[in-house]
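Have a look at the structure below, then the notes.
This is a predicted model, so every value here is computed, not measured. Every number for a ligand or one of its atoms is a count from 1 in the order of the listing.
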Amino acid sequence: MNLNFNPQHIVILTGAGISAESGIRTFRDANGLWEDHDIMEVASPQGFDRDPELVHRFYNLRRQQLLSDEVHPNQAHLSLAKLEEDFKGKLSIITQNVDNLHEQAGSKNVIHMHGELLRMKCVETGKSLLNKRDIHVETPCPCCLKTGNLRPDIVWFGEYPMHMAKIEEELSQCDLFISIGTSGVVYPAAMFVQLAKSNGAYCIEVNLEQTQVSDDFDMHMQGPATETVENLVKLILS
Ligand code: OAD
């Protein structure tokens, strides 16, 4: 397998599949349930309005898991960090994941389009703040000092993803687009391949299985991310 060209600008989209082998469960592997909750219950503004304490508890557990000794970046995250370090051109990672495993692995240029577990947001001022602690309804907001104003800084269903202008610019300029471990069913991320391709980028998909958008890619690499990403990175750097 070879690439037949030397890319100058790489954009990599990652999804839950890249963190699966670090012990973080993907979204669609559990019959519409996410860690035993209906997704809409814990990942929608309506769910938060109905039961904010349940939603806080859910994200508190996800945050605790991320900060625990159980979860570490895997070979796929590490390989992408090495690629960013050794690649001579421009490279950015757009992730749908709310974990910080890319950053823990050493990646610098990471765009979190669905927010971050280690950030919280004040609903009154819109300010985003770093946070490693549990949040409860009665936790006072450090910026407005009121209770009940904090929410996870995470994009929920029905909300607009973050940094879209920057993402569209990157996708329109890249010559190599790589999608890793994402099911291709959640928009707008599912259409990034079409945007990159229509601007002339070569497109590679890495996944355990074929996805709904596999046919849009020029190359499909099938297998666990920890193995396939390392091989792909060697191919690009060779
Ligand atoms: P999904 O759970 O929808 O899909 C995970 C994908 O990873 C599937 O295509 C699997 O085949 C693949 N996969 C699983 N394990 C893998 C492995 N070890 N190596 C390679 N591939 C593997 O997750 P996402 O596509 O990331 O949004 O979901 C997109 C968005 O839907 C999420 O960001 C989240 C969710 O609702 C929000 O929270 C806003």
Could you report the tightest heavy-atom contact between [X] and [Y], atom names first, then the distance?
| X | Y | value |
| --- | --- | --- |
| N97 | A16 | OD1-N, 3.0 Å |
| M219 | Y202 | CE-OH, 3.6 Å |
| C144 | N149 | SG-ND2, 3.3 Å |
| A225 | I180 | CB-CG2, 4.3 Å |

Is [X] in polar range of ligand 1, meaning some N or O pair under 3.5 Å apart?
| X | value |
| --- | --- |
| T211 | no |
| N97 | no |
| I39 | no |
| V206 | no |

Which residue pairs pass the salt bridge (Lys or Arg N to Asp or Glu O under 4.0 Å) test when at least one of the two sits in residues 168-186, sequence neighbours left out? K90-E170, K166-E170
Please work out which of V213, N207, T26 has its closest non-hydrogen atom nearest to atom 8 (C) of ligand 1. N207
Can you figure out which of S183, A190, G17, A16 has its heavy atom closest to atom 4 (O) of ligand 1? S183
What atoms of ligand 1 come closer than 4.0 angstrom to any heavy atom of [X]?
| X | result |
| --- | --- |
| G181 | 5 (C), 6 (C), 7 (O), 21 (N) |
| E21 | 17 (C), 18 (N), 19 (N) |
| A225 | 17 (C), 18 (N), 19 (N), 20 (C) |

Heavy atom of [X] under 4.0 Å from ligand 1?
| X | value |
| --- | --- |
| P224 | yes |
| A76 | no |
| F157 | yes |

E124 and K146 ion-paired at < 4.0 Å: yes
So the side chain to side chain donor-acceptor pair (under 3.5 Å) pairs with at least one residue in residues 151-160 (sequence neighbours excluded) are Y59-W156, S128-D153, R151-E159
Test of understanding: given a 4.0 Å heavy-atom threshold, classify the contact between Q96 and ligand 1 as side chain, backbone, both, or neither. both
Between the main-chain N or O of G47 and the side-chain N or O of S44, is there a donor-acceptor pair closer than 3.5 Å? yes
